[in-house]
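For reference, the structure discussed in these notes is given below.
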Protein chains: 4
Amino acid sequence: MATQGTIEHLRRRGRPRSESSRRAILRAASELLLEHGLSSISMDAVAERARASKATIYRWWPSKELLTLDAIFSEWATLAPERCDTGSLTGDLHALMLPWARAISARPYARVIAALLAKVQSDPDFGREYHARLVRPRRAHAATVFAMAIERGEIAPDTDIEAALDLLYGPFYLRLLQGHAALDDRFTHTTVDHVVAALTRPLT
Amino acid sequence: MATQGTIEHLRRRGRPRSESSRRAILRAASELLLEHGLSSISMDAVAERARASKATIYRWWPSKELLTLDAIFSEWATLAPERCDTGSLTGDLHALMLPWARAISARPYARVIAALLAKVQSDPDFGREYHARLVRPRRAHAATVFAMAIERGEIAPDTDIEAALDLLYGPFYLRLLQGHAALDDRFTHTTVDHVVAALTRPLT
Amino acid sequence: MATQGTIEHLRRRGRPRSESSRRAILRAASELLLEHGLSSISMDAVAERARASKATIYRWWPSKELLTLDAIFSEWATLAPERCDTGSLTGDLHALMLPWARAISARPYARVIAALLAKVQSDPDFGREYHARLVRPRRAHAATVFAMAIERGEIAPDTDIEAALDLLYGPFYLRLLQGHAALDDRFTHTTVDHVVAALTRPLT
Amino acid sequence: MATQGTIEHLRRRGRPRSESSRRAILRAASELLLEHGLSSISMDAVAERARASKATIYRWWPSKELLTLDAIFSEWATLAPERCDTGSLTGDLHALMLPWARAISARPYARVIAALLAKVQSDPDFGREYHARLVRPRRAHAATVFAMAIERGEIAPDTDIEAALDLLYGPFYLRLLQGHAALDDRFTHTTVDHVVAALTRPLT
DNA sequence: TCCTAACCGAGACGGTACGTCGCGTCTTAGG
DNA sequence: CCTAAGACGCGACGTACCGTCTCGGTTAGGA
């Protein structure tokens, strides 16, 4: 078949990429990341722990940050945002935010997120990648929740969805990054309630 | 006078710290910071531009981040949050947030804030210093605004002030750091209105 | 061949050491050494002149002194002590000492030798290396000259060879290091004659 | 009296130099010198141990080496070469060299001498000072011993005194600096005997 | 069954910045 | 005028990572 033939032709000639090496590198990066934070780990350390060559790492990941992105993304891939349609905006937001808030505060992800956000500021290419992997999916999910609320008539049709998303996620990120107070279930409830209250009352 | 005499005796023995050198270092740090971001500047570069010795820098600032903190704090010291009692929560919050949002988005402070927040994650001492200098003052100011609103009966007396502060500042930090949308006056108005709406409506 | 195969297997795994870099470093060290002396040259200067990295230098030479030792040894390797059997102790010693005395006084080696001898005092490992490279070979050569003289019956069989070697080399080193008088051919002749006279007359 | 008046005028106006400070500095320098060697001590360390200011040290000693010279000279001042006329060259040389050889090998003076000789190579002014303090006196003393031997007819009147002095002292310095063999009484005896034999036998 | 391309590890390479140390000078207060 | 304390500009230290590069060796498909 043509397609299969094409694929077969696209299969590179020489030795194929080592899957075990790829996994070892991502695993080593994840471990070091959560242990020491991004800034204090080095490519040398990742290579040594993964028993891999630095050249191999650089062949597949252009920078430490993109490697990091892959590493935590592959960890979070399991934590897929599930479909949850409870029938009310409050219920949907709770269903969406509670597991997420628990997940990001359960492990020292704050240092990883903070480091990646620092990289975003100075590297637009990385910024795009960061958004596509870590930001857009969750915002899209929350956006559908808001869209359903509009359909149900709970909130105004002309609601500024982007501002609403920032109102929802902003407080969580702030506590995560500044660490001035606990990111617990109580806070999640309060914040979700605030957001619902802000959107269901027509803006004066 | 006795007090003056005491102070004179407390004056340390050796050569006093050079004020001109201190200013030159902070100035050089500020300039390089806004030009290139924290991660890509070096102590060597700061020392060279300030015509100072690296040893002098390290004598007074244990780390690049604490130097940065001092540098931008001395810049923002002029930007003191003014007293603003407009008579309504909406008015007060606008008066508080509009100049601040304009200021932090006018210059490339995002990369600086992001880098400092990254450092906060891994260095508790620095975290305390960061809070005392950059976080606490602004939150305290906003807290008095909320307190006045409680006095006026605009919002409930049992309002969770901390959560309210996060609801207010979170969205701004999120746009600042993620850069996914403009941090303009329109956004400030929308967010302030959201916060007021969230707090004036009793939580269900 | 088996042996060759073994050698081929012993070839270390990674990128082999750069021979051109090694030579450039030794050459730069030699030049700077004779220009400015050991104490006033820096590893930075050597690295810059050799267009090499400081890390590369430290990878192969633990200290400035061992680098120096290698550098002047590779210069002196050409100045190999030739075989000279003239038939008499006086003739042999002249043949041995005249070229050497001329060589060490022709260039500013005194500052190098002095600096290395200073290092010898505080670093036993370096002392061993210094002896093996710069001291032992010449003393061994002179020792054979004395041995031949014993065989010929010119000097007593129970001559204290070590003391004789010190009697021979000591005066040269003293003038070289203290610089109180010229280290010229006349001095070489006088000293050699003194040594011969001291050894050929039976000690009372 | 005029002279006294002149002296009184030459007496500087202000606070006189502190003798206790001078002694403390020399003492600290001596201790550190023999403990660690010249190259690994610092002016800061001397100042700290002597509880003196660095400025005070630099006011009176232009360099570390000249301070060192003063320090060991003040130690050796007690070890004055005594007058010793035994009636024979051998006896005089033994009387001269035995105490000296014992003294310089009893403590770790080798590292001090070696460091000073290294400085001599690169600093002519220091070289002159070094000779005047440590070299000339001893050579002058030995020269008078040789002069007496000439008067007594033990050695030739046209003996090259400078070469003879180098023949005498060279072996001792060589063993002291190279440390390849013990600088014991036996070696002193052997060397003195060699020197006497070399000088009493007419050069061919 | 070879050939050859692309992979892999190990590790040396030229750089840049690090944080520290010592130098010799200076600026204070005080004896 | 001297002394102590100690900050200063300067330059070198030895180390850690960076991203690149050369090796020998491995693993596949294509000839």
Side-chain angles (χ1 to χ4, degrees), chain A residues 8-9 11-18 20-21 40-48 50-60 62-64, chain B residues 8-9 11-18 20-22 40-48 50-60 62-64, chain C residues 8-9 11-18 20-22 40-45 47-48 50-60 62-64, chain D residues 11-18 20-22 39-45 47-48 50-60 62-64:
Chain A
E8 213 153 302
H9 279 301
R11 179 91 67 97
R12 307 294 256 279
R13 272 271 303 274
R15 177 178 176 175
R17 176 173 183 186
S18 159
S20 72
S21 178
S40 35
I41 73 170
S42 64
M43 291 302 241
D44 293 74
V46 173
E48 191 182 2
R51 300 193 135 276
S53 163
K54 273 202 295 174
T56 302
I57 303 181
Y58 280 108
R59 198 194 313 277
W60 304 109
S63 73
K64 189 164 69 175
Chain B
E8 212 154 303
H9 281 301
R11 179 92 67 100
R12 301 234 287 295
R13 290 285 299 276
R15 175 177 177 174
R17 176 173 183 186
S18 160
S20 71
S21 178
R22 187 188 138 268
S40 34
I41 72 171
S42 64
M43 291 303 238
D44 292 75
V46 174
E48 191 181 1
R51 300 194 138 276
S53 160
K54 271 201 295 176
T56 301
I57 303 181
Y58 281 107
R59 202 193 315 277
W60 302 110
S63 72
K64 193 161 67 175
Chain C
E8 212 153 303
H9 282 301
R11 180 90 69 94
R12 301 235 287 295
R13 290 286 298 277
R15 176 176 174 173
R17 177 173 182 186
S18 161
S20 70
S21 178
R22 187 187 138 268
S40 34
I41 72 171
S42 64
M43 292 302 238
D44 292 75
E48 191 181 359
R51 299 196 138 277
S53 160
K54 270 201 294 177
T56 300
I57 303 181
Y58 282 106
R59 202 192 316 275
W60 303 109
S63 72
K64 194 161 65 174
Chain D
R11 180 93 65 97
R12 306 296 255 280
R13 279 267 303 272
R15 174 177 176 176
R17 176 172 182 187
S18 160
S20 72
S21 178
R22 185 186 139 269
S39 66
S40 34
I41 72 170
S42 64
M43 292 301 243
D44 293 76
E48 191 181 2
R51 299 196 136 276
S53 163
K54 274 201 296 173
T56 303
I57 304 180
Y58 281 107
R59 198 191 313 277
W60 302 109
S63 72
K64 189 164 68 174

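Throughout, a chain's letter reflects where its sequence line sits, starting with A, and its residues are numbered from 1. As a basis for the values below, the full set of heavy atoms in this structure was taken, side chains included, without hydrogen atoms, waters or symmetry mates.
In this structure, B/Met43 atom CE and F/dT15 atom P are separated by 22 Å, rounded to whole Å. Counting to the nearest Å, the P atom of E/dT20 and the CG atom of D/Asp44 are 16 Å from each other. If you measure from atom CD of A/Glu48 to atom P of F/dC18, you get 13 Å, rounded to the nearest angstrom. Computed from coordinates, the A/Ile57 CD1 to F/dT20 P distance equals 13 Å when rounded to whole Å.
Take A/Ser42 and apply the side-chain hydrogen bond (donor to acceptor under 3.5 Å, both in side chains) test, not counting sequence neighbours, and it matches no residue. Shown here are the salt bridge (Lys or Arg N to Asp or Glu O under 4.0 Å) partners of C/Lys64, two or more places apart in sequence or in another chain: there are none.
To the nearest 0.5 Å, atom OG1 of residue B/Thr56 and atom CZ of residue B/Arg17 are 9.5 Å apart.
Closest approach of D/Ala47 to D/Lys54, counting heavy atoms only: CB-CG, 3.9 Å.
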How does protein reach along nucleotides 4-10 of chain E, written 5' to 3' as B (base within reach of a heavy atom under 4.0 Å), S (only sugar-phosphate), or - (no contact)? BBBBBBB

